[in-house]
Visitor: 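This structure is in structure tokens; I'll ask about it shortly.
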Amino acid sequence: MSRRDQVVYLAAAWCLSYPDGELVERVPLVRAALAEFPGTLPGFAPVLDLLETTQPMDLQAQYVREFDLGRRHALHLSYWTDGDTRRRGEVLALFKEAYRHSGVLVDLDGELPDYLPMVLEFAARVDGEAGRELLKRYRASLEMLRLGLLRDNLPHARILAAICATLPGKSPQDEQEVMRMAGYGPPAESVGLDPYDPRLLPIGRA
């Protein structure tokens, strides 16, 4: 993996995480690292500006509203393919196995193993090949998240675009193209999905 992709993944992992004080303090470091690679910083700048200019409580309230309370911008990759189905447990085990196989103890810190910031940090700092394979396998999930953020005019959409740009192939223009890219087929069951969520995608094949 190139140094540029490592920086993109780690910067994205931090920018998509809960905006606590530690994250805000990292903003100058993120800017400096991205600035080393021409054309990389602009995609992150709106979120970095938001982190620097917004009151902490407002930042955190916005994050919870957009990423935690609903499923429109779910940061768990297997949600987009498996929702709240029983099959999802098997899928989460695949993420755990990738972490174990790296030989490095990955602290889940209470999160599910398919949490996108965790997958990105794993790819950037632990095992680039295995991390990228997870991102490639769940490319359709990344694209659905990107389109949802773009539709709701959230600056994080450009960060998802930067992640997808590190993977093979062009990004689809809409949800129908994502489904065709993924080889769409309806799931066997879906339990507890929010009514405004798109239909589940099939598991992507890297």
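These numbers come from a predicted model, not from an experiment.
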Visitor: Can a donor-acceptor pair be found, under 3.5 Å and without considering hydrogens, that links the side chain of T166 to the backbone of I163?
Guide: yes
Visitor: Mind checking the CZ-CG spacing from R72 to L69? Nearest 0.5 Å is all I need.
Guide: 13.0 Å
Visitor: What heavy-atom pair brings R146 and P172 nearest, and what distance separates the two atoms?
Guide: NH2-O, 2.7 Å
Visitor: Looking only at non-hydrogen atoms, find the nearest pair between A123 and R132 and report the distance.
Guide: CB-N, 4.2 Å
Visitor: Side chains of D5 and F37, heavy atoms from C-beta outward: is any pair under 4.5 Å?
Guide: no
Visitor: What is the distance from atom NE2 of H76 to atom OG1 of T81, rounded to the nearest 0.5 Å?
Guide: 12.5 Å
Visitor: Indicate yes or no: at least one non-hydrogen side-chain atom of L77 is less than 4.5 angstrom from one of L145.
Guide: no
Visitor: With the 4.5 Å side-chain cut-off for hydrophobic clustering, are L154 and Y18 part of the same group?
Guide: yes
Visitor: Considering residues at least two apart in sequence or located in another chain, which fulfil the ring pair (Phe, Tyr, Trp, His ring centres under 6.0 Å) criterion with Y9?
Guide: none
Visitor: Applying side-chain contact (heavy atoms from CB on, under 4.5 Å), can you list everything that pairs with Q176, at least two apart in sequence or on another chain?
Guide: D174, R180
Visitor: Look at the side chain of D114 and the backbone N and O of L92, then say whether any donor-acceptor pair between them is shorter than 3.5 Å.
Guide: no
Visitor: Examine distances only and state if a side-chain atom of E177 and a backbone atom of Q173 form a donor-acceptor pair shorter than 3.5 Å.
Guide: yes
Visitor: Please list all pairs meeting side chain to side chain donor-acceptor pair (under 3.5 Å) that have one or both residues in residues 23-48, counting only residues at least two apart or in different chains.
Guide: R4-T40, E22-R26, R31-D49, R31-E52
Visitor: If we only count heavy atoms from C-beta on, is the W14 to V47 side-chain gap below 4.5 Å?
Guide: no
Visitor: How long is the span from the SG atom in C15 to the CG atom in L10, to the nearest 0.5 Å?
Guide: 9.5 Å
Visitor: My understanding is that only residues two or more places apart in sequence, or in another chain, count here; which of them pass side-chain contact (heavy atoms from CB on, under 4.5 Å) with P28?
Guide: none
Visitor: Which residues pass the side-chain hydrogen bond (donor to acceptor under 3.5 Å, both in side chains) test with D127, not counting sequence neighbours?
Guide: none
Visitor: Any side-chain heavy-atom pair from L94 and L134 closer than 4.5 angstrom?
Guide: no
Visitor: Closest heavy-atom contact between F122 and A98?
Guide: CZ-O, 3.7 Å
Visitor: Any sub-3.5 Å donor-acceptor pair from H73's side-chain atoms to E66's backbone N or O?
Guide: yes
Visitor: Compare every heavy atom of L59 with every heavy atom of L51, then report the nearest pair and how far apart it is.
Guide: O-CD1, 3.8 Å
Visitor: In Å and rounded to the nearest 0.5 Å, what is the CD to CG distance from E143 to L167?
Guide: 8.0 Å
Visitor: Indicate if L150 and L50 have the same hydrophobic cluster label, given that clusters are the connected sets of ILVMFWY residues with side-chain heavy-atom separations under 4.5 angstrom.
Guide: no
Visitor: Side chains of L112 and Y79: closer than 4.5 Å at any heavy-atom pair?
Guide: no
Visitor: Are side-chain heavy atoms of H156 and L16 found at a separation under 4.5 Å?
Guide: yes
Visitor: Residues two or more places apart in sequence or in another chain: which of them pass side-chain hydrogen bond (donor to acceptor under 3.5 Å, both in side chains) with S17?
Guide: none
Visitor: Are side-chain heavy atoms of Y138 and F95 found at a separation under 4.5 Å?
Guide: yes
Visitor: Is any side-chain heavy atom of P42 less than 4.5 Å from a side-chain heavy atom of R158?
Guide: yes
Visitor: Could you tell me which non-hydrogen atom of L147 sits nearest to which non-hydrogen atom of E175, and how far apart they are?
Guide: CD1-N, 3.7 Å
Visitor: Can you tell me how far apart CG (L160) and CG (L116) are? Round to the nearest 0.5 Å.
Guide: 6.5 Å
Visitor: Between atom CZ of R139 and atom SG of C164, what is the distance when rounded to the nearest 0.5 Å?
Guide: 5.0 Å
Visitor: Does atom CZ (R65) have a neighbourhood of more than 12 heavy atoms from anything else shown, all under 6.0 Å?
Guide: yes
Visitor: Compare every heavy atom of P113 with every heavy atom of Y99, then report the nearest pair and how far apart it is.
Guide: OH-O, 2.6 Å
